[in-house]
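Written below as structure tokens is the structure these notes are about.
Counting starts at 1 for both ligands and their atoms, following the listed order.
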Amino acid sequence: MNTWARALAGWMLAALCLPVWSTPVEDGYDLWLRYRALPAAQQAAVAARARRIVAVAPASPTLQAAVAELQRGVAGLTGRQPDVAAQPGDGALVLATPATAPAGLALPRPALAELGREGYLLRSLRWQGRAVTLIAANSDVGLLYGSFAWLRAAQTGADLARLDQRSAPRLALRLLNHWDNLDRTVERGYAGASIWDWWKLPDLRDARYVDYARANASLGINGTVLNNVNAKADSLTAPFLAKAAALADVLRPYGIRVYLSARFSAPVELGGLKTADPLDPAVRAWWQAKAGEIYRAIPDFGGFLVKANSEGQPGPQDYGRNHADGANMLAAALAPHGGVVMWRAFVYAPDASDRAAQGFAEFQPLDGRFAPNVIVQVKNGAIDFQPREPFHPLFGAMPHTPLALEVQITKEYLGFSTHLVHLGPLFEEVLRADTRRQPQGATVARQIKAMAGVANIGTDRNWCGSHFDCANWYAFGRLAWDTDLAAAAVAREWVQQTFTRAPAAVQAITALMLDSREAVVDYMTPLGLHHLMGTGHHHGPAPWVDNLERADWNPVYFHRAGRDGIGFDRSPRGSNAVSQYAPELAALWANPATTPEPLLLWFHHLPWSHRMASGRTLWAELVAHYDRGVERVATMRRGWDAVRTDVDAQRHAEVAAYLAVQEAEARWWRDACLAYFQSVSGLPLPAGSRAPAETLEAYKARRFNFAPGRGG
Ligand code: GCW
């Protein structure tokens, strides 16, 4: 075939494929911003309220992004793209700030004044006799957030003719933390490689970065830490700063600032200094110069995230200094430029008696000694992103220090991306936990100034490794914006935007999402158990592990199961870690009778015969929870099967396949844990309870040398 004939054949083939191409493929890439055509009646209702967009020129890139998103959304939902005009008309969407409001349009100024720089309001009103919808804010980024909020309202069936919404974030910083390495591996990442293509940056700005920015802006996420907290100093070199600057340029119009994880020993590794001692003048000068260099490349750089003296990372303690000395030195370098230091409180020393007590022991005495632009970043619980932990005792205990709540969106300890575990209820549980501390108000949500989520994003086409894992990104962003939102409402709106608006299906899918968190607690670590997972990769059960170099890396250290009973005694009779909570809570949780059962074995070591609220023994209750966990996953599978006709085939099949994996692995967790606990308790399984499928030795022999997520 000659070239011409080949081209013709290719064209004919392409033409044949066209109908297939024109049907949007549901591969998850579009996330909750799918904007697929609504049913006719709903289309008409949306179209009637979005006939045109009124926005004032000259438009900033942020306002352009807002208008483009509204056009894209309305076009997708209704089949007709609104044009942009300067004049009102019936059904116009009017975007206005106090500085740009068109003449004659009365903005509700007192209401706006309360919304700060990022807040927005949506209001149906009449302007020059026309029914319009006002999207108002004090800044263009507020208009962008308001535009996304209007699109969410349109997709979730709100009455667009009678809108009256106001919203402003209470937390100033709402950040993703990428544990992405410079070689594109992702520590604890289960969604492919890092989306940051460091090698090709700054020349190639992947179009995907814009979609990343849109998705985050739709939730109000306003910052992103680009690299792993286990940081390489290289991220602070000129070539990498140029790459970070290119990303900052892409993300800036969407209200997202970039931050970097800083390696504490960088002055030695990059600067050739003999020390990284934070009180050494040469070290301080090195960081000041580095900050100057960074801000020349990225004028709105957010700041540093630091993991110091934790799991082998360098830090101020290497020089006999404390965390405040280290954080304040970096804070001084960033302060003239308006940057912040997020200093992590995830620390544990090799020699300590109770790992759960160490973060508090090291940080609480430093309250009031941090510079104003330091934020101490605290994981939600004192161990490590387990299926359930009590809230970290530092929340409420450092009234003179701004705190950030760090949660993990990626599911390191929750079945990676093949288990459907919706994290909204976990985030809600910690945000609403009552610290019983004053004066800032009692819940964790009222004790924090910022929220950080360890990202679950990668190069997988569906972004997060599974469709439902995107709901965890979504829930993180929505709850960071409004910590008082109900996880159930957030899950529902995600389902409506992502899968379907059919009420019964929305109800069924939301229900299985909301049950999934308790399911994973039941089949992995019920009743306050924790840290029972496999070594290193953290996949699957391994409660028997007792041979690791540090005592507090071994599951046996955490569950302490023996012939006499099970659980970690953190009461005054044991490690007394419970005393780190407010006195009222400490008194309640020091006593097994007043400790909530979901936290029982976190705080107490109890005999297997201990009587539970159900009337069962502790042993029988433990077995019942493991059984219930497996049953819950089976119920989730049935729930998903029942919505087969409401969800497109491709995504339905993928989720169904993952749920099958999850059910098998839930059984594996149940069987392996019960086989092990039985071997130490010496007790028979309660009547009617199924024996483990394999022997304990067989479970112990399983190996997972190539499990994902271990990073470079
Ligand atoms: O739980 C541990 C993870 C590490 C992680 C560490 C941390 C980035 O297994 O992979 O390191 O927490 O939060 O620093």
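Annotation for ligand 1: atoms under 4.0 Å from non-hydrogen atoms of E187 are 4 (C), 5 (C), 8 (C), 10 (O), 11 (O). Atom numbering of ligand 1 starts at 1 in the shown order; those under 4.0 Å from a heavy atom of F346 are 6 (C), 7 (C), 12 (O), 13 (O), 14 (O). Each of the atoms 8 (C) of ligand 1 lies under 4.0 Å from some heavy atom of V229.
In this structure, W589 has its ring center closer than 6.0 angstrom to the ring center of F603.
Using a distance-only test at 3.5 Å, with no hydrogens or angles considered, no donor-acceptor pair links the side chain of D354 to the main chain of R570. Checked by atom type and distance alone, the side chain of T224 never pairs as donor or acceptor with a backbone atom of L226 at under 3.5 Å. Put simply, the side chain of R388 never gets that close to the backbone of L426: no donor and acceptor are under 3.5 Å apart.
At a 3.5 angstrom cut-off on N or O pairs, R344 counts as close to ligand 1. Looking at ligand 1, you won't find any N or O of S310 less than 3.5 Å from one of its N or O atoms. Checked against a 3.5 angstrom limit, the closest N/O atoms of K379 and ligand 1 fall inside it. Considering backbone and side-chain N/O atoms, W179 never comes within less than 3.5 Å of an N/O atom of ligand 1.
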query: Where do H178 and Y212 land on the ring pair (Phe, Tyr, Trp, His ring centres under 6.0 Å) test, with the steps shown first?
result: CA-CA 13 Å; H178 286 266; Y212 167 90; 5.6 Å; yes

field: Verdict with supporting geometry, H559 and F568, ring pair (Phe, Tyr, Trp, His ring centres under 6.0 Å)
entry: CA-CA 6 Å; H559 63 66; F568 197 126; over 10 Å; no

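Of the candidates Y259, W287, W343, W287 is the only one forming a ring-ring contact (aromatic ring centres under 6.0 Å, His included) with F304.
For atom 9 (O) of ligand 1, the nearest non-hydrogen atom of the protein is E412 OE2, 2.5 Å. The protein atom (non-hydrogen) at minimum distance from atom 14 (O) of ligand 1 is K307 NZ, 2.6 Å. Nearest to atom 6 (C) of ligand 1 among the protein's heavy atoms is E311 OE1, 3.2 Å. Protein heavy atom closest to atom 1 (O) of ligand 1, with residue, atom name and distance, is D384 OD2, 2.0 Å.
Assignment of H538 to the shell around ligand 1 is supported, since a heavy atom sits closer than 4.0 Å.
Ring geometry for H539 against F704 counts as perpendicular: the plane angle is over 60°, on a 0 to 90° scale with 30° as the lower cut.
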